[in-house]
2 protein chains.
Amino acid sequence: MSDQPHPKRNRPPSMHDVARLAGVSQTTVSFVVNNVTSVAISQETRDRVWAAIHALGWRPNAMARSLRTRHSQTLGLISDEVVTSPYAVRMILGAQEAAWANRQMLLVVNTSGRSDIEQTALQFMLERRVEGLIYATMYHHEVTPPADLKLVSTVLVNCFVADRSLPAIIPDEVQGGYTATEALIRRGHRRIAFINEIIPMPALFGRLEGYRRALADYGLPVDPTLVRSCHSNVRDAFTVTRELLEYTERPTAIFCFNDKMAMGAYDAIKRMGLRIPQDVAVVGFDNLELIAAQLYPPLTTVALPHYEMGRRAVELLQSLPAGESLPPIQHYIPCPLIERASI
Amino acid sequence: MSDQPHPKRNRPPSMHDVARLAGVSQTTVSFVVNNVTSVAISQETRDRVWAAIHALGWRPNAMARSLRTRHSQTLGLISDEVVTSPYAVRMILGAQEAAWANRQMLLVVNTSGRSDIEQTALQFMLERRVEGLIYATMYHHEVTPPADLKLVSTVLVNCFVADRSLPAIIPDEVQGGYTATEALIRRGHRRIAFINEIIPMPALFGRLEGYRRALADYGLPVDPTLVRSCHSNVRDAFTVTRELLEYTERPTAIFCFNDKMAMGAYDAIKRMGLRIPQDVAVVGFDNLELIAAQLYPPLTTVALPHYEMGRRAVELLQSLPAGESLPPIQHYIPCPLIERASI
DNA sequence: GTGAAAGCGCTAACAG
DNA sequence: CTGTTAGCGCTTTCAC
């Protein structure tokens with residue numbers, strides 16, 4: 001007996017099983033399921049097919065479908081420490097939601113900065129025939145990704161390659177620095193200090209450049225004694241802030257390279273009996289909710305557009321006609337000012 | 001002319017292409033690639049095959065392989081807000097690394113708490129024939145996941161169903177509360193306040209229970225005036241702490257339901273001119289790096305074992321012989337004390 | 001030692 | 001309006 005009504009083994013039902021139950025060919029089931037408009041199927045048949053589908057609890061096998069259509073409907077995301085970092089996870093969310101809107105799935109691998117994992121992860125993704133790849137880093141810097149990356153459409157997020165030969169989505173540090181400084185200037189501040197990071201990185205140069213341009217645009221001089229730098233932690237920022245506030249002509253506002261440093265600045269300002277923002281205004285960078293929103297008064301800061309970068313990366317990948325490759329454009333995403341109460 | 005040496009279209013090379021180049025059958029290529037030991041292949045042939053593979057840049061097609069073997073090598077992870085939250089992302093890392101160790105990939109979908117997305121996400125994963133599913137939530141609470149969840153081996157993380165019919169990995173809140181309190185007791189404290197969350201949730205009850213048990217075990221009375229509750233934010237904790245410190249016989253230590261509240265407690269203690277930990281010791285809960293490590297003095301706190309929970313969930317799934325289902329055990333993962341300088 | 005052949009579950013010409 | 005047929009790229013049984 002080979003024509004039993006039940007599926008042979010303990011496997012999920014296939015289109016064939018549905019077809020048999022509905023008394024039609026497997027092809028017809030496929031047409032019904034995919035709502036193929038080029039062929040006309042009677043409503044009566046459609047109903048029978050759907051009834052059989054529900055009776056059997058059939059659901060398409062994505063692997064079989066992908067094998068046939070050569071579309072995996074999958075995007076890959078390889079990151080260094082992103083998953084570990086409260087800073088940057090929203091990038092994954094942005095990417096995932098954009099993928100989702102296109103019925104694509106996201107394959108996520110965090111390499112923890114290990115290049116052997118990175119290499120293997122890429123191979124795995126290529127084997128799964130991802131239709132696009134995002135290569136992301138936790139903080140904005142230069143990278144040298146594995147060569148095989150060229151085998152699939154890739155967009156870099158929060159990083160770039162030396163020769164700019166790969167499209168990249170990066171935060172507009174200059175605009176961010178400009179925006180922060182300008183906000184302070186507009187509140188009437190003339191002596192604005194900038195406590196910068198000390199380890200060379202794009203953010204350091206970009207934000208400084210933005211600070212300078214803003215001052216210049218508003219006809220204010222750059223006082224070199226107001227531009228300081230230190231490691232971006234609370235203690236060091238505390239120390240530098242105290243020094244700044246001891247100047248005979250002390251700054252009335254401080255732009256901090258990031259929120260952690262702003263936290264140190266807060267401590268120093270309060271410790272000296274000064275008030276924020278009446279005596280000294282503070283603006284940070286990063287918009288770490290946990291810090292910025294919890295500080296008292298809540299910190300006005302500039303946000304890194306992680307969600308937006310993730311989203312844009314996926315949309316870029318999706319915009320690409322099959323077989324073509326993305327132009328190596330460097331996309332600068334604006335960093336918005338998040339206004340709270342510290343300026 | 002049909003037997004050209006080059007692949008027909010612009011598709012990636014297949015085993016067939018490799019076979020043709022190596023002058024062997026496609027079957028042989030498969031044997032070589034998979035290192036099948038049951039058949040003997042001459043070294044000379046193996047070499048020819050590998051040479052062809054490298055020449056063509058062939059790499060297996062995971063979808064074709066999965067279709068044939070009925071093993072997708074894929075695990076799914078559906079979460080509510082986890083990806084958004086700095087609290088819980090390490091759970092994804094734990095899951096991903098465990099999957100990775102088994103050459104499996106993780107499919108991640110964040111539902112943002114929307115049940116329509118949740119439902120669709122589950123369907124997508126079932127279509128992709130995931131071999132196990134993790135259903136995770138950002139904070140520890142009861143859930144009612146979609147019914148189709150029963151169609152695949154599932155483990156809940158940081159949540160549970162009312163009838164406990166699904167295996168779950170959850171933090172041991174009681175032990176966490178106990179550990180925090182015990183640490184304080186061991187430092188000699190006798191009047192230990194507990195500022196609890198006010199919105200009913202397992203964490204609230206568990207940590208309180210742990211607090212009580214620790215006091216009891218060490219022969220200390222529970223002074224009801226020392227157990228307070230408020231919403232878990234900085235402001236409210238600030239207020240409650242100030243009230244506690246105004247008691248004629250004030251507590252010498254405060255166990256805060258979480259790190260945010262500890263932040264408020266710090267403010268109040270400092271504002272009253274008291275020192276941490278000499279005058280008042282503080283212990284938090286959650287181990288939010290951004291807060292706990294940045295506070296001055298650094299905060300001693302209890303960590304939620306997110307990474308561990310993610311890892312355990314995947315290992316549970318992997319331990320399951322095909323076709324069997326996981327026993328609905330509720331696994332309690334210990335919450336370790338992270339010692340810094342506030343006690 | 002190696003290869004032919006069947007088939008995993010599906011799509012899509014093409015034929016009727 | 002519906003079915004036949006030919007694969008997608010791979011694993012695996014069986015035969016030579």
Side-chain angles (χ1 to χ4, degrees), chain A residues 2 7-49 52-53 56-73 126-129 131 322, chain B residues 2 7-49 52-53 56-73 126-129 131 322:
Chain A
S2 65
K8 306 170 203 171
R9 295 189 241 158
N10 192 14
R11 58 160 170 67
S14 72
M15 268 193 179
H16 234 105
D17 300 324
V18 173
R20 210 167 24 191
L21 181 59
V24 297
S25 78
Q26 189 251 63
T27 308
T28 301
V29 177
S30 174
F31 287 154
V32 170
V33 166
N34 296 314
N35 242 315
V36 175
T37 49
S38 62
V39 301
I41 308 239
S42 69
Q43 190 54 46
E44 197 263 334
T45 302
R46 285 180 193 283
D47 293 345
R48 276 218 319 287
V49 169
I53 287 173
L56 257 32
W58 175 85
R59 118 180 45 239
N61 180 321
M63 293 171 310
R65 188 184 336 232
S66 296
L67 180 59
R68 182 60 233 230
T69 60
R70 296 160 169 292
H71 289 303
S72 64
Q73 300 279 77
L126 290 172
E127 291 182 8
R128 284 169 190 251
R129 302 296 191 260
E131 293 175 321
Chain B
S2 66
K8 306 171 204 171
R9 294 190 240 158
N10 192 15
R11 58 159 170 67
S14 72
M15 268 193 178
H16 234 107
D17 300 323
V18 173
R20 208 165 27 192
L21 181 58
V24 297
S25 78
Q26 188 251 67
T27 309
T28 300
V29 176
S30 175
F31 288 154
V32 170
V33 165
N34 296 313
N35 243 313
V36 175
T37 49
S38 62
V39 299
I41 308 244
S42 70
Q43 189 55 48
E44 197 264 334
T45 302
R46 284 180 193 283
D47 294 345
R48 277 218 319 286
V49 169
I53 286 173
L56 257 33
W58 176 86
R59 123 178 43 236
N61 179 321
M63 293 170 311
R65 199 203 299 253
S66 296
L67 180 60
R68 182 62 233 231
T69 60
R70 296 161 170 290
H71 289 301
S72 64
Q73 300 279 79
L126 290 172
E127 292 182 8
R128 282 164 193 254
R129 302 296 189 262
E131 292 174 325

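Using a 4.0 Å cut-off, some side-chain N or O of A:Arg11 falls inside it from OP1 or OP2 of C:dG9. Listed pair B:Ser42 / C:dT2 meets the phosphate criterion, a side-chain N or O lying under 4.0 Å from OP1 or OP2.
Nucleic acid contact class of A:Val36 (heavy atoms, under 4.0 Å, all strands): none. Residue-level contact check: A:Ile41 touches the backbone only, with heavy atoms under 4.0 Å from sugar-phosphate atoms and none from bases.
Atom NE2 of A:His71 is separated from atom P of C:dC10 by 18 Å (rounded to the nearest Å). Distance B:Asp17 CG to D:dG9 C1': 10 Å, rounded to the nearest Å. When the C1' atom of D:dC8 is taken as reference, atom CZ of B:Arg65 falls 16 Å away, rounded to whole Å. Spacing between atom CD of A:Gln73 and atom P of D:dC8 amounts to 20 Å, rounded to whole angstrom units. We find that CH2 of B:Trp58 is positioned 9 Å from C1' of D:dG9, with the value rounded to whole Å.
Taking every side-chain heavy atom of B:Ser14 into account, D:dC10 is the closest of C:dC10, C:dT2, D:dC10. Minimum atom distance to the side chain of A:Gln26 is reached by C:dC10, of the listed D:dG9, C:dC10, D:dT11. When the nucleotides C:dA5, C:dC8, C:dT11 are ranked by their closest atom to the side chain of B:Thr27, C:dA5 comes out on top. Comparing C:dG9, C:dT11, D:dG3 against the side chain of A:Asn34 picks out C:dT11 as the nearest. For B:Phe31, whose side chain is taken as the heavy atoms from C-beta onward, the closest listed nucleotide among C:dT11, D:dT12, C:dG9 is D:dT12. Side-chain proximity of A:Arg70 to the nucleotides D:dC8, C:dT11, D:dG3 is greatest for D:dC8. Checking C:dG1, C:dG3, C:dG9 against every side-chain atom of B:Val24, the shortest atom distance belongs to C:dG3. The side chain of B:Thr45 approaches C:dT2 more closely than any other nucleotide in the set C:dC10, C:dT2, D:dG9.
Computed from C1' positions of five pairs at each end, the angle between the two local axes of the helix from C:dG1-D:dC16 to C:dG16-D:dC1 equals 50°, rounded to 10 degrees.
Position along DNA chain D of the nearest nucleotide to B:Ala62 versus B:Val39 favours B:Ala62 as the more 5'-ward residue. Comparing B:Arg68 and B:Thr28 by the nucleotide of DNA chain C whose heavy atom lies nearest to each, the residue mapping closer to the 5' end is B:Thr28.
Listed for the B:Arg70 side chain is no donor-acceptor partner under 3.5 Å among the backbone atoms of B:Leu67.
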